[in-house]
Amino acid sequence: MTARSVRSLSGALKPLFSHRLLKVYGAATCQRHKSSYTTIPPPAQYGGRHTVTLIPGDGIGPELAKHVRELFRFCCVPVDFEIVTVDSTMESEDDIDNAIMAIRRNGVALKGNIETNHNLPPSYKSRNNLLRTSLDLYANVMHCQSLPGVRTRHRNIDIMIIRENTEGEYSSLEHENVPGVVECLKIITRPKSLRIADYAFRTAREKGRRRVTAVHKANIMKLGDGLFLECCKEVASGYPEITFDSMIVDNTTMQLVSRPQQFDVMVMPNLYGNVVSNVCAGLVGGPGLVPGANYGVDYALFETGTRNTGKSIANRNIANPTAMLLASCLLLDHLKLHAYAQMIRRAILSTVTETRLHTADLGGKGSTSEVVQSIMNAVQSTGPYTLSI
Amino acid sequence: MAAYGAVLSVSKIIHPFWGGRLGNTVKVFGTTLTSRRNKTLLTRENIPPPAKYGGRHTVTLIPGDGIGPELLSHVREVFRFSCVPVDFEVVHVNSALETEDDINNAITAIRRNGVALKGNIETKHTMSPSVKSRNNLLRTSLDLYANVMHCQSLPGVQTRHKNIDIMIIRENTEGEYSNLEHESVSGVVESLKIITRNNSLRVADYAFRLAREKGRRRVTAVHKANIMKLGDGLFLQCCREVASGYPDITFDSMIVDNTTMQLVSKPQQFDVMVMPNLYGNVVSNVCAGLVGGPGLVPGANYGHVYAVFETATRNTGKSIADKNIANPTAMLLASCMMLDHLKLYDYASLIRNAVLTTMNETRLHTADIGGQGTTSEVVQSIMRIIQSKGQLTSEL
């Protein structure tokens, strides 16, 4: 809506002022509104079909991506995948630059995790990290929900974790001034903290959540996490219907393993987000179940929540496809293909509740292909137009 | 241990020959002989024995805030009752003051006595950033480089996981807790995480030595070296170097996010874990939550010369202070660790057995583990068990 207002404003002002001044003025008036969720420019759509970049990645990524494509083709989802492979063993950044360009072109992507080899020199940056920072995907959202068919030690968990995705401890800024002494820089900035806090509260409001908890370590990192906490408090004052509280990260993790039902929405900087999201994923059943989404102002990237490469189980047909398939449902929701998303999601959830069709990580004996077949059967039985199995 | 003896013998041999002429050269020579790495081989047996006059030890006691004062008064009660030859020198630290006099007094007292037992001192977020965390100041000034936490499932406590037995060794003085932050550009804060080779080698050495002493089979280093390549990469490298000197112990490494996920699904796979400061904080709290909560696990901070004992998760417990519902187990087990450190093993096992026996009588649990007992009831029960063992005690 505000994009249109900019255009109308520029239309009105065009005869009066020159082009460049307009863009600046227009952009300046709409700076804050641009970050509103509803005005991400709609992804490229030609002939009613969307094009989505697909990055297979390493480990179990390629096989799971293949299953996603299989399922989409079967359900006649109007999405075409543009596959961009990224070779993690090469030191040059050409591959990842191509991938970034493809995502800029398409606006949306689905990816598997790209391995970061420890043996390569430190100048080799993590490819996943490069993707996130170049595309400014500032919010990582992970929704951990207890699934009824999966046996876990805790029940009724429903936590949304919003994690700052571009700065914090993952700035890749390290140096060794004195031999034997390494300094790692953790950067916290005001604009980014405000942005992520704003995203968290907006999402909480949209989903009808009651409470946002900020996770921090401000008693030790007073300036850094203190700034983050301050930004969260500022944003919280604009959302009076949502309760805001904060908790130190060590207490948070301890509460998570004893009573996770107390948490609703959590917002935090990068490293704590990594740890807390993995703890929550472990609580609801493991890395094979939870999808993750990375949102930026213009782009969106979907992957499994805990970003595992799964090298040890690659190509053995035992990986759990649930996380990747649920991530593809999030992708469909983002492309506003809600009917398809609901159909596939319902099929996945019905398969998971049939206990004998669990893969090994959930304690069952099914293989990946069996699970995918069962999902396709469930989709077919619900009636919409599908290809033959 | 042998190294220390070697220095002494070297100095004894050389002294008669060169006598006063060499002056300090013998000490220097002796010290360089036993290289810097060997210096870290000072096992707990070689830490100079704490001050002992008339057969009684003096231990510094810092009550702290929240539940600290009441729990420490229970510790003193139990010690007095069991006739433990320990006198406490109580040093108060006021966390509301901005001056560092209080904490400097405490540090001087600990330097004098060598051993301390403390409650957590609160760090108020509302005070200015120049007020450093008092607990952190203590740890860095006394160079208490290793924080050791032993998480064990207790039979009488109902938890979701069973048979957990993990030792967590956490670097205590550097890492993310360096308190070095600055705001070069307004709105952009840089926090420095420092990892040094010496400290990493030191804590890795401590971890492997401890694993060997306790007969443990496996040490896992927890890191995030795929992102912090230089920092955690250095830590991992140091651990690997030290591991090569202990072929009987398996060494592996795990990234911190995977570690926390494994901890909540299958914690029985871990044996000994060693890690830098922040990951240690998170992982130790996860493990404490797994075995039953912050009221059950004691923690110890060891340096070359000093040792400070406290609860493992360092909670102030402001919301339950003075309500007689706090769980005294963690603090009492910490005091048993202190007695072990002072080589008063009999008293230590006496009190420890009494605490564990009380734990297993389910109706005497405090509220945090699901029971209805009060702190004083639990302490009374512990004292009665000690009395029933037949040893000399004061009257109840």
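Chain A is the first sequence line, chain B the second, and so forth, proteins listed ahead of strands; every chain is numbered from 1. Computed from a predicted structure; not experimentally measured.
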Checklist entry - Would B:K193 and A:E183 pass as an ion pair if we require N to O under 4.0 Å? => result no

Next on the checklist: Taking side chain as everything from C-beta outward and backbone as N, CA, C, O, which of these in A:L223 sits under 4.5 Å from a heavy atom of chain B? Side chain, backbone, both or neither.
Outcome noted: both

Next on the checklist: For B:N135, which atoms come within 4.5 Å of any heavy atom of chain A: side chain, backbone, both, or neither?
Outcome noted: neither

Checklist outcome for this item: Looking only at A:I220, A:V257, A:T116, the option with the highest number of non-hydrogen pairs under 4.5 Å against chain B is A:I220

Item to check | Heavy-atom pair of closest approach, residues A:G180 and B:L234 | outcome: O-CD2, 3.9 Å

Item to check | Which of B:V283, B:V282, B:N258 touches chain A most, by non-hydrogen pairs under 4.5 Å | outcome: B:V282

Checklist entry - Relative to chain B, which segment of A:L256 carries a heavy atom at a distance below 4.5 Å: side chain, backbone, both, or neither? => result neither

Checklist entry - Using a cut-off of under 4.5 Å for heavy-atom pairs, which of B:D257, B:T313, B:T259, B:L263 has the most such pairs with chain A? => result B:D257

Checklist entry - Should A:E234 and A:R190 be marked as a salt bridge (charged side-chain N to carboxylate O under 4.0 Å, His left out) after you check the CA-CA gap, both sets of side-chain angles, and the distance that decides it? => result CA-CA 11 Å; A:E234 273 183 47; A:R190 193 173 172 72; 2.4 Å; yes

Item to check | Heavy-atom side-chain contact between B:V291 and B:V157 under 4.5 Å | outcome: no

Checklist outcome for this item: Applying a strict 4.5 Å limit to non-hydrogen atoms, the region of A:P287 in contact with chain B is both

Checklist entry - Given a strict heavy-atom distance threshold of 4.5 Å, which part of A:F228 is in contact with chain B: side chain, backbone, both, or neither? => result neither

Checklist entry - Hey, are B:R134 and B:E122 close enough for a salt bridge, meaning a charged N less than 4.0 Å from a carboxylate O? => result no

Checklist entry - Between B:H182, B:K132, B:R160, which shows the greatest number of heavy-atom pairs under 4.5 Å with chain A? => result B:R160

Next on the checklist: Could you walk me through whether A:K311 and A:E115 satisfy the salt bridge (charged side-chain N to carboxylate O under 4.0 Å, His left out) test, starting with their C-alpha distance in whole Å, then the side-chain angles of each, then the deciding distance to 0.1 Å, before giving a yes or no?
Outcome noted: CA-CA 9 Å; A:K311 270 190 302 176; A:E115 189 192 350; 3.1 Å; yes

Checklist entry - Is it the side chain or the backbone of A:T152 that comes within 4.5 Å of chain B heavy atoms, both, or neither? => result neither

Checklist entry - To the nearest 0.5 Å, what is the distance between NE2 (B:H223) and CE (B:M254)? => result 9.0 Å

Item to check | Greatest number of heavy atom pairs closer than 4.5 Å to chain A - which of B:L236, B:I194, B:D232 | outcome: B:I194

Next on the checklist: Between B:K224 and chain A, with a heavy-atom cut-off of 4.5 Å, which part of the residue counts as in contact: side chain, backbone, both or neither?
Outcome noted: side chain

Next on the checklist: At a heavy-atom distance under 4.5 Å, which candidate from B:R197, B:K266, B:E174 has the highest pair count against chain A?
Outcome noted: B:R197

Next on the checklist: Among residues at least two apart in sequence or on other chains, which ones pass salt bridge (Lys or Arg N to Asp or Glu O under 4.0 Å) with B:R139?
Outcome noted: none

Next on the checklist: Can you confirm if the NZ or CZ of A:R163 lies within 45° of the ring axis of A:Y170 and under 6.0 Å from the centre of its six-membered ring?
Outcome noted: yes

Next on the checklist: Is the shortest side-chain heavy-atom distance between B:D143 and B:T140 below 4.5 Å?
Outcome noted: no

Next on the checklist: Can you tell me which portion of B:F235 sits under 4.5 Å from chain A's heavy atoms? Options are side chain, backbone, both or neither.
Outcome noted: neither

Next on the checklist: Heavy-atom cut-off 4.5 Å, strictly under: side chain, backbone, both or neither for A:Q255 against chain B?
Outcome noted: neither

Checklist entry - Salt-bridged, B:D252 to B:R240, with N to O below 4.0 Å? => result no

Item to check | A:V249 versus chain B, the contacting section by heavy-atom distance below 4.5 Å | outcome: side chain

Checklist entry - Looking at A:I248, A:L283, A:N274, A:V279, which makes the most heavy-atom pairs under 4.5 Å with chain B? => result A:N274

Checklist entry - In terms of side-chain heavy atoms, does A:E303 have a donor or acceptor partner in A:N294 at a distance below 3.5 Å? => result yes

Item to check | Atom group of B:V131 that falls short of 4.5 Å from chain A, counting heavy atoms | outcome: backbone

Checklist entry - Under a 4.5 Å heavy-atom cut-off, does chain B meet the side chain of A:L271, its backbone, both or neither? => result side chain

